[in-house]
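Structure first, commentary second.
Computed from a predicted model, the values in this text were never measured in an experiment. Side chains included, hydrogens not; waters and symmetry mates left out as well; all remaining heavy atoms used. For ligands, and for the atoms within them, numbers begin at 1 and follow the listed sequence.
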Amino acid sequence: MVKKIVRDQFFLQQKSEPATEADRQVVEDLLDTLRANQDRCVGMAANMIGVKKQIIVVAMGPFIFPMINPVITKKTGEYQTEESCLSLDGVRPCTRYKEIEVDYLDQDFKPKHGKYSGFTAQIICHECDHLAGRLI
Ligand SMILES: [Zn+2]
């Protein structure tokens with residue numbers, strides 16, 4: 001189900017809790033909501049639809065995938081850039097990394113480890129910041 005985007009900064013600055021298999025519907029709702037906003041959005045965290053659970057969805061071109069309880073285990077190639085966010089106004093400076101490695105659960109709650117670079121790494125870092133209650 002497509003959900004409304006949360007823009008309440010107090011809510012968005014709270015940390016999310018680990019997701020469990022009871023949160024499968026949240027994963028579906030997050031995928032639906034990103035698809036509905038894909039013209040202006042490349043990633044989303046569950047708190048952006050009002051659920052403080054550690055679930056993000058990432059668009060890699062037309063391909064959208066969820067990451068549950070993601071933990072960035074390695075990051076290299078620090079650089080400065082600017083980003084915007086569906087929950088915030090304007091463009092803001094931030095620090096990102098050219099390459100990252102992530103432990104996470106896939107949509108079936110199976111443990112995975114992935115290496116990501118470039119724009120995809122940037123999106124994952126932005127969404128993981130949301131889980132930690134950090135806004136750009
Ligand atoms: Zn954002």
Side-chain angles (χ1 to χ4, degrees):
M1 191 189 289
V2 178
K3 300 284 186 177
K4 193 168 173 288
I5 303 296
V6 173
R7 294 176 61 92
D8 178 339
Q9 307 238 335
F10 177 76
F11 180 83
L12 291 171
Q13 284 172 15
Q14 297 171 36
K15 282 188 184 169
S16 294
E17 292 168 6
T20 68
E21 296 201 32
D23 297 311
R24 283 180 186 271
Q25 187 60 47
V26 180
V27 179
E28 293 298 328
D29 290 346
L30 202 50
L31 288 166
D32 290 343
T33 307
L34 179 56
R35 280 189 199 106
N37 287 282
Q38 223 181 335
D39 56 329
R40 59 198 181 114
C41 184
V42 289
M44 209 170 268
N47 61 357
M48 293 172 69
I49 60 166
V51 182
K52 286 188 288 181
K53 291 295 177 79
Q54 293 171 14
I55 304 165
I56 66 172
V57 288
V58 178
M60 220 158 61
F63 177 64
I64 295 181
F65 62 96
M67 299 176 105
I68 298 160
N69 300 338
V71 177
I72 296 170
T73 57
K74 195 173 175 186
K75 42 191 184 183
T76 55
E78 183 180 317
Y79 66 99
Q80 304 298 317
T81 186
E82 291 184 334
E83 292 175 355
S84 60
C85 176
L86 212 51
S87 287
L88 304 170
D89 293 322
V91 174
R92 304 176 187 210
C94 60
T95 301
R96 294 298 179 215
Y97 299 86
K98 289 196 178 108
E99 292 188 340
I100 60 168
E101 294 187 26
V102 190
D103 285 336
Y104 64 99
L105 303 176
D106 68 10
Q107 196 160 4
D108 298 316
F109 287 80
K110 298 263 187 322
K112 298 274 161 126
H113 181 83
K115 292 184 184 183
Y116 302 91
S117 59
F119 192 42
T120 307
Q122 185 180 359
I123 298 165
I124 293 169
C125 287
H126 178 108
E127 305 312 333
C128 285
D129 276 357
H130 273 295
L131 301 183
R134 277 192 300 268
L135 297 171
I136 49 167

- Message: With a 4.5 Å cut-off on side-chain heavy atoms, are I72 and E101 touching?
- Response: no

- Message: Apply side chain to side chain contact (heavy atoms under 4.5 Å, CB included) to residues E78 and T95 and explain how you reach the verdict.
- Response: CA-CA 7 Å; E78 183 180 317; T95 301; 3.3 Å; yes

Identify each donor-acceptor pair in which a side-chain atom of residues 61-70 lies under 3.5 Å from a protein atom, sequence neighbours left out, and give them as a table.
unit_1	atom_1	unit_2	atom_2	d
N69	OD1	A19	N	2.7
N69	ND2	A19	O	3.1

- Cut-off under 2.8 Å, centre the Zn ion (ligand 1), protein N/O/S atoms: C85 SG, H126 NE2, H130 NE2

- Message: In the structure I gave you, are the side-chain heavy atoms of M48 and S87 within less than 4.5 Å of one another anywhere?
- Response: yes

- Query: Does the side chain of Q107 pick up a donor-acceptor pair with the side chain of E28 at under 3.5 Å?
  - Reply: yes

- Side chain proximity check, R96 to D129, heavy atoms < 4.5 angstrom: yes

